[in-house]
Amino acid sequence: MAKTKDRETGRISIHTENIFPIIKKWLYSEKEIFLRELVSNAVDAIKKLSHINLVDGLQLSENYAIDITLDKDAGTLTISDNGVGMNADEIRRYINQIAFSSVEEYVEKYSKLAEDNQIIGHFGLGFYSAFMVAKKVEIRSLSYLPESVGAYWSCDGSTKYQLSKIDKAERGTEIVLFLEDDEKDFLEPVKVREVLERYCKFLPVPIRLAGEQINDCTPLWNQPSTEIDAATYKEFYRKLYPFCEDPLFWIHFNVDFPFNLKGILYFPRLNNEFDVSRSHIKLYCNQVFVSDSCAELIPEFLTPLQGCIDAPDLPLNVSRSYLQNDPQVRKIREVITSRVATKIVELAKSEMSVFGPIWDDIHPFVKFGMMRDDKFSDKVKDHIVYRTTATERYTTLPAYLERAAESHQDKVYYATDETAQASYLRLFSGQGIEVLLLDAMIDNHFIQFLEMKNSGVSFLRVDSELAETLVGKQPADDIATSPSGATRSEQALKVFRDCLPTDLDIKGETLNDASIPALLMQSEQKRRLSEMTRMMGNKEGLPAEHQLLVNHANPIVRKIAELNESGRRSDAEMLVAHVYDLAQLAAGGFDKERMEQFLVRSYHLLELVNPE
Ligand code: ADP
Ligand code: MG
């Protein structure tokens with residue numbers, strides 16, 4: 001260290017001489033974090049002073065603020081604060097020794113991770129990060145201590161520095177960055193504002209760019225939830241996500257023990273079940289923005305959540321994979337999951353007119369969560385509801401089973417598509433049998449999960465099996481009319497069997513509802529198996545094995561027998577073909593060829609309606 005009377009030059013005690021280029025290279029993509037680091041230091045300096053002020057009863061000015069000024073002519077960006085300031089000795093200690101050696105340590109520890117972009121917040125770089133964008137950095141500082149002398153420090157990005165006295169009237173520190181030629185972007189107010197808004201928007205000290213404050217010093221998550229109304233929560237959401245629709249609900253938490261965790265999580269309205277286009281939860285550390293994704297802190301099934309989390313105790317300069325396995329992070333995930341469960345239970349207790357529409361939006365992720373997380377499942381399972389054909393529109397599973405107890409014990413009838421299964425639904429509802437509407441993609445899996453969790457309960461799609469109460473007694477007039485001694489029902493069945501493909505299983509049944517001539521049925525187990533093989537990539541799935549259920553109570557079916565009896569076989573066959581097509585149509589549709597045949601036959605049938 002060479003020292004003349006008031007000018008000192010020296011070497012920063014750093015072992016890796018070429019540390020600067022390394023840092024510049026690594027953090028290329030996130031150079032802008034230098035602003036976060038320098039503004040954070042300014043905030044720290046102000047917090048220190050305000051603490052001293054409080055404890056020592058100094059009568060110092062309390063107009064704390066941080067100013068960022070841009071000077072295009074000089075090519076400088078300056079960050080000024082009116083915090084504690086530093087005298088020459090402190091600069092030696094905190095900047096030359098600490099700031100530089102901590103960066104050296106950082107380089108040794110994290111260089112590999114930083115290269116792979118694995119470090120969460122690049123925390124730990126601190127003051128040194130100024131050299132990512134500056135060819136020269138100056139410090140002008142005046143300590144708050146009485147009789148302090150202004151200190152000037154400068155360093156041109158090598159390991160040499162200069163330290164001398166200056167005249168400085170105002171307490172505090174100015175950090176002047178002489179920007180690198182290709183970093184002149186940071187002289188543009190628009191650019192600097194954007195970066196400040198990202199990282200510094202919620203810092204607790206006023207931050208001004210060209211005199212105008214850009215931050216909100218008391219972010220909503222730091223305020224007591226009892227004092228915040230819904231409109232304020234929504235307004236804050238719009239601040240975080242300016243282009244999003246209002247959220248459905250939110251959870252505000254404030255945990256002090258065993259760790260600090262604050263935040264507001266919002267549940268957004270999703271466009272579809274697998275809407276992953278959302279922006280994610282923002283992670284803060286003591287009100288400083290760290291990252292736009294904190295997947296490690298959130299269980300996968302809660303990915304749709306938005307909002308912010310302030311987790312000051314987390315080690316944010318470590319790798320993501322480390323964080324994933326950190327016990328504290330696991331605990332945070334549990335706290336979040338548990339709070340979400342509590343909120344859902346609370347919402348479920350409100351009027352169905354309120355909860356119903358919310359449920360329609362959130363049920364896929366709740367179901368996904370239940371299948372993923374037993375604790376979550378246990379908490380919410382008694383409160384989740386299902387859409388039902390009953391007048392209440394929503395029901396819990398126990399309530400459904402209770403109502404079903406007499407007629408169809410432990411069987412839950414459900415539909416997956418109200419349009420495609422309309423005639424089955426009409427049949428069930430017409431006879432007073434309640435059907436659950438499980439039409440989300442996830443319901444397929446969720447049904448199996450429910451069966452596993454509720455032993456003895458089985459779920460049957462409306463086209464898989466008829467409830468016993470839908471089937472009545474054989475018609476009294478079903479007597480033998482033909483020379484062969486076959487009853488009318490038997491004759492009708494025979495025509496069906498003769499005309500239709502031989503591999504089709506045809507069964508006669510007398511339904512209480514006479515309006516439907518025939519229905520296609522498919523066993524629940526076979527259908528599930530077939531859906532599963534299709535899901536696993538087999539396009540065709542297993543061959544559909546349908547059964548055609550012919551309703552003897554239906555007048556058309558009876559007419560088929562009569563036509564056959566009176567020798568009008570071709571008319572009988574035409575009706576059979578049409579009834580079969582209608583059953584297929586009711587079960588979901590045709591292929592092209594059958595559609596054509598169906599239309600041609602339909603036109604022909606219409607021609608048969610004769611004018612009087
Ligand atoms: P850290 O903030 O983690 O301590 P930094 O490298 O950011 O590390 O800063 C090193 C030290 O330099 C700080 O701890 C502080 O003592 C001092 N310092 C930096 N900026 C300022 C400032 N604006 N005012 C006062 N002291 C500062
Ligand atoms: Mg710092």
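When a ligand or atom number is given, it counts from 1 through the structure's own listing order.
At least one N or O atom of Asp81, backbone or side chain, sits closer than 3.5 Å to an N or O atom of ligand 1. For a threshold of 3.5 Å applied to N or O pairs, the pair formed by Ala45 and ligand 1 contains no separation below that value. For a threshold of 3.5 Å applied to N or O pairs, the pair formed by Glu37 and ligand 1 contains no separation below that value.
Under a 4.0 Å criterion applied to the non-hydrogen atoms of Gly126, ligand 1 contributes the atoms 5 (P), 6 (O), 7 (O). Ligand 1 places these atoms under 4.0 Å from at least one heavy atom of Ile95: 12 (O). When each atom of ligand 1 is checked for a heavy atom of Lys48 under 4.0 Å away, the hits are 16 (O).
Between Lys331 and Asp326 there is no salt bridge, since no side-chain nitrogen of the basic residue lies less than 4.0 Å from a carboxylate oxygen of the acidic one. Salt bridge absent: Arg269 and Asp246 never bring a charged side-chain N and a carboxylate O closer than 4.0 Å. Ion pairing of Lys453 with Asp374 is present here, as a side-chain N (NZ or NE/NH1/NH2) and a carboxylate O approach within less than 4.0 Å.
Between Val133 and Phe186, some side-chain heavy-atom pair lies under the 4.5 Å cut-off. Between Glu170 and Asn82 there is no side-chain heavy-atom pair separated by less than 4.5 Å.
Note on Asn41: counted as a metal contact of the Mg ion (ligand 2), an N/O/S atom lying under 2.8 Å.
When the options Gln287, Lys201, Lys239 are evaluated for a side chain to side chain donor-acceptor pair (under 3.5 Å) with Asp216, the one that passes is Lys239.
Nearest residue to atom 11 (C) of ligand 1 from Tyr144, Tyr128, Phe127, Tyr94 is Tyr94 (criterion: closest heavy atom).
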